[in-house]
Participant: 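Below is the structure I would like to discuss, written out as C-alpha cells.
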Amino acid sequence: MNIVEATGLGLRTRRGWVYRDVDLTAASGELHAVTGPPGSGRTSLLLALAGRFPHTHGELRRRSPAALGQVAGVHEPDPTLTVAEHITERLLLLGPVPRRRRRLVPVAAVRARRAHRRDAYAAAIAGAGLTDEPLDPGRYGRDLTPVERQVLGLVLAGLAGPGLIVADDVDAGADRPEREWMWGALERLAGQGYAVVASARAVEPGVAATVHRIGDPAVPVPAPTVPAEPAEVPA
C-alpha cells in the first residue's frame, strides 16, 4: 500500500525555490533516499512528507501517520535524558495501542508498548531490529555520537507505530563502515513494513533504495560564440 504520494511537490519563498518538482511515492516496506548537496532543501522536503512543514506547490497525500527520526534542530535527543529515559518517556506519552488500531501498527511496536513497565529499553531496541548497534541505556543525549543519535531517533519513531518514518542526514558525521551499517539498518526497518524516507549526501553502493536527487544546479548554457572578424592585413 502506498503510504505517501508527492506529485510536483515544491516549496517557494520570497528568496526563491527551496526545492521543486519532486515526485515521490513510498509504499510499505520501501526505502527511499533523498540526496543532494547542503542547502538543497532535503530537510524541508522530509518534514513536508511527514506533515511537519508546509509546501507551496504540488500535491501531497499520506495514508498513515508519520514519525520523525533524527532531524537536527527539529527533533533531537534531550541532552539531559539518558537513552533509557527517552524510551520510557516516549512510551508513557504514547500509552497502550488502542485495540481498534492494533492491526495497523507493526507487531514490534505493540509488543514494546505493552512491555514498557517490564523492560522498555530491551523491548524497544529489539522491536526496531537494531540490536547489533548497542546503545548504553545510561548514556545521556548530549554524549551520543551522530550514529547513536540516528539509532535512538529510529527506535523512538518506531514506537509510535507509524506508516512512514523519516530521518535526516543519516550519513552526517559517520565514517564509511558506519554509513554502511546505517543504510543496512534502514533497509531492515523498511523490511518490517514501514515506508522509510531518509536524506543523505549520497547513498552507499549496493543499498536497495529508490534515490531522489534534488537541488542540483542547472547546467549553465554557454554564451553564443561570435566569430571573430578577420584581421585587416596592412597594404
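Predicted model, so just to flag it, every value in this text is computed and none were measured. Atom set for the values below is all heavy atoms of this structure, side chains included, hydrogens, waters and symmetry mates excluded.
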Participant: Could you go through L24 and L9, starting from their C-alpha distance and side-chain angles, then the distance that decides it, and tell me whether this counts as side chain to side chain contact (heavy atoms under 4.5 Å, CB included)?
Facilitator: CA-CA 9 Å; L24 187 155; L9 205 67; over 6 Å; no

Participant: Between atom CG of D23 and atom OG1 of T7, what is the distance when rounded to the nearest 0.5 Å?
Facilitator: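 D23 CG to T7 OG1: 5.5 Å, rounded to 0.5 Å.
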
Participant: On a heavy-atom basis, which atom in E30 and which in T25 lie closest, and how many Å separate them?
Facilitator: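 Residues E30 and T25, closest heavy atoms: OE1-O, 3.7 Å.
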
Participant: CD/E85 to OG1/T80 distance, rounded to the nearest 0.5 angstrom?
Facilitator: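 It is 8.0 Å, given to the nearest 0.5 Å.
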
Participant: Check the pair L47, L68 against side chain to side chain contact (heavy atoms under 4.5 Å, CB included), reporting the backbone distance first and the verdict last.
Facilitator: CA-CA 8 Å; L47 292 174; L68 299 182; 4.0 Å; yes

Participant: Stepwise, does the side chain to side chain contact (heavy atoms under 4.5 Å, CB included) test hold for L60 with H55?
Facilitator: CA-CA 9 Å; L60 177 63; H55 61 280; 3.9 Å; yes

Participant: Would you kindly confirm whether L186 and V211 end up in one hydrophobic cluster when ILVMFWY residues are joined by side chain heavy atoms under 4.5 Å apart?
Facilitator: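 They do share one cluster, since a chain of ILVMFWY contacts under 4.5 Å joins L186 to V211.
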
Participant: What pair of heavy atoms forms the shortest contact from P162 to A157, and how long is it?
Facilitator: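 Residues P162 and A157, closest heavy atoms: CD-O, 3.3 Å.
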
Participant: Listing request: all ring-ring contact (aromatic ring centres under 6.0 Å, His included) pairs with a residue in residues 27-51, at least two apart in sequence or in separate chains.
Facilitator: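 Pairs touching residues 27-51 that pass the test: H32-H212.
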
Participant: Taking salt bridge (charged side-chain N to carboxylate O under 4.0 Å, His left out) as the definition, give me every residue that meets it alongside R20, ordered by chain and number, with sequence neighbours left out.
Facilitator: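 Scan of R20 (salt bridge (charged side-chain N to carboxylate O under 4.0 Å, His left out), adjacent residues dropped) gives none.
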
Participant: Is there a side chain to side chain contact (heavy atoms under 4.5 Å, CB included) between V166 and H75 once you walk through the steps?
Facilitator: CA-CA 11 Å; V166 303; H75 194 257; over 6 Å; no

Participant: Can you list the residues that meet the salt bridge (charged side-chain N to carboxylate O under 4.0 Å, His left out) rule with R188, with sequence neighbours excluded?
Facilitator: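 R188 satisfies salt bridge (charged side-chain N to carboxylate O under 4.0 Å, His left out) with D132 only.
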
Participant: For a quick test of reading the model, state the closest non-hydrogen atom pair linking Y19 to P54 and the distance between them.
Facilitator: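 Where Y19 meets P54 most closely, the heavy atoms are OH-O, 4.4 Å.
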
Participant: Looking at CG of L93 and CG of L159, how far apart are the two atoms once the value is rounded to the nearest 0.5 Å?
Facilitator: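 Reported value, rounded in 0.5 Å steps: 11.0 Å.
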
Participant: Taking only residues at least two apart or on different chains, which pairs with a member in residues 5-15 satisfy salt bridge (charged side-chain N to carboxylate O under 4.0 Å, His left out)?
Facilitator: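 As it turns out, the salt bridge (charged side-chain N to carboxylate O under 4.0 Å, His left out) pairs with a partner in residues 5-15, which skip direct neighbours, are E5-R61, E5-R63.
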
Participant: Spell out, as yes or no, whether a donor-acceptor pair under 3.5 Å connects the side chain of S40 to the backbone of G215.
Facilitator: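 No, S40 side chain to G215 backbone: no donor-acceptor pair under 3.5 Å.
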
Participant: May I ask whether Y140 and V155 are part of the same hydrophobic cluster, defined by side-chain heavy atoms of I, L, V, M, F, W, Y residues being less than 4.5 angstrom apart, directly or through others?
Facilitator: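 Hydrophobic grouping puts Y140 apart from V155.
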
Participant: Evaluate the side-chain proximity of P205 to E180: yes if any heavy-atom separation is below 4.5 Å, no if none is.
Facilitator: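 Side-chain contact under 4.5 Å: no.
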
Participant: Considering non-hydrogen atoms only, spot the tightest contact between R149 and G141 and give its length.
Facilitator: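 Looking at all heavy atoms of both residues, the closest pair is NH1-O, 3.4 Å.
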
Participant: For the residue pair A198 and V170, what are the closest heavy atoms and their distance?
Facilitator: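 Heavy atoms only, the tightest pair is CB-CG1, 3.9 Å.
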
Participant: My understanding is that only residues two or more places apart in sequence, or in another chain, count here; which of them pass salt bridge (charged side-chain N to carboxylate O under 4.0 Å, His left out) with E187?
Facilitator: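 By the salt bridge (charged side-chain N to carboxylate O under 4.0 Å, His left out) rule, E187 matches no residue at all.
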
Participant: Quick one: does D136's side chain get under 4.5 Å of V83's, heavy atoms only?
Facilitator: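 Result no, sub-4.5 Å side-chain heavy-atom pair not found.
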
Participant: Could you measure the distance from the OG1 atom of T35 to the CD1 atom of I214? Nearest 0.5 Å is fine.
Facilitator: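 Spacing of OG1 (T35) from CD1 (I214) equals 8.0 Å.
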
Participant: Can you tell me how far the OG1 atom of T82 sits from the CG atom of L152, to the nearest 0.5 Å?
Facilitator: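 Result: 9.5 Å between the selected atoms.
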
Participant: Can you list every pair that meets side-chain hydrogen bond (donor to acceptor under 3.5 Å, both in side chains) and has a residue in residues 150-175, with sequence neighbours left out?
Facilitator: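 Qualifying pairs, neighbours excluded: R42-D169, T43-D168, D168-S199.
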
Participant: What do you reckon, is CZ of R142 surrounded by more than 12 foreign heavy atoms closer than 6.0 Å?
Facilitator: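 Yes, the 6.0 Å shell around CZ holds more than 12 heavy atoms from other groups.
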
Participant: Mind checking whether V74 and L81 sit in one hydrophobic cluster, side chains of I, L, V, M, F, W, Y counted as touching below 4.5 Å?
Facilitator: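 Different hydrophobic clusters.
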
Participant: Rounded to the nearest 0.5 Å, how far apart are CG of L156 and NE2 of H86?
Facilitator: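 Nearest 0.5 Å value for the CG-NE2 distance: 7.0 Å.
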
Participant: Using side-chain heavy atoms (C-beta onward) and a distance below 4.5 Å, is L31 in contact with V207?
Facilitator: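 They are in side-chain contact.
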
Participant: Would you indicate whether the side-chain heavy atoms of L46 and V71 approach each other to under 4.5 Å?
Facilitator: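 Side chain of V71 against side chain of L46, heavy atoms only: no contact under 4.5 Å found.
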
Participant: List the atom of R213, the atom of P37, and the distance in Å for their closest heavy-atom pair.
Facilitator: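 For R213 versus P37, the nearest heavy atoms are NH2-CD, 3.8 Å.
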
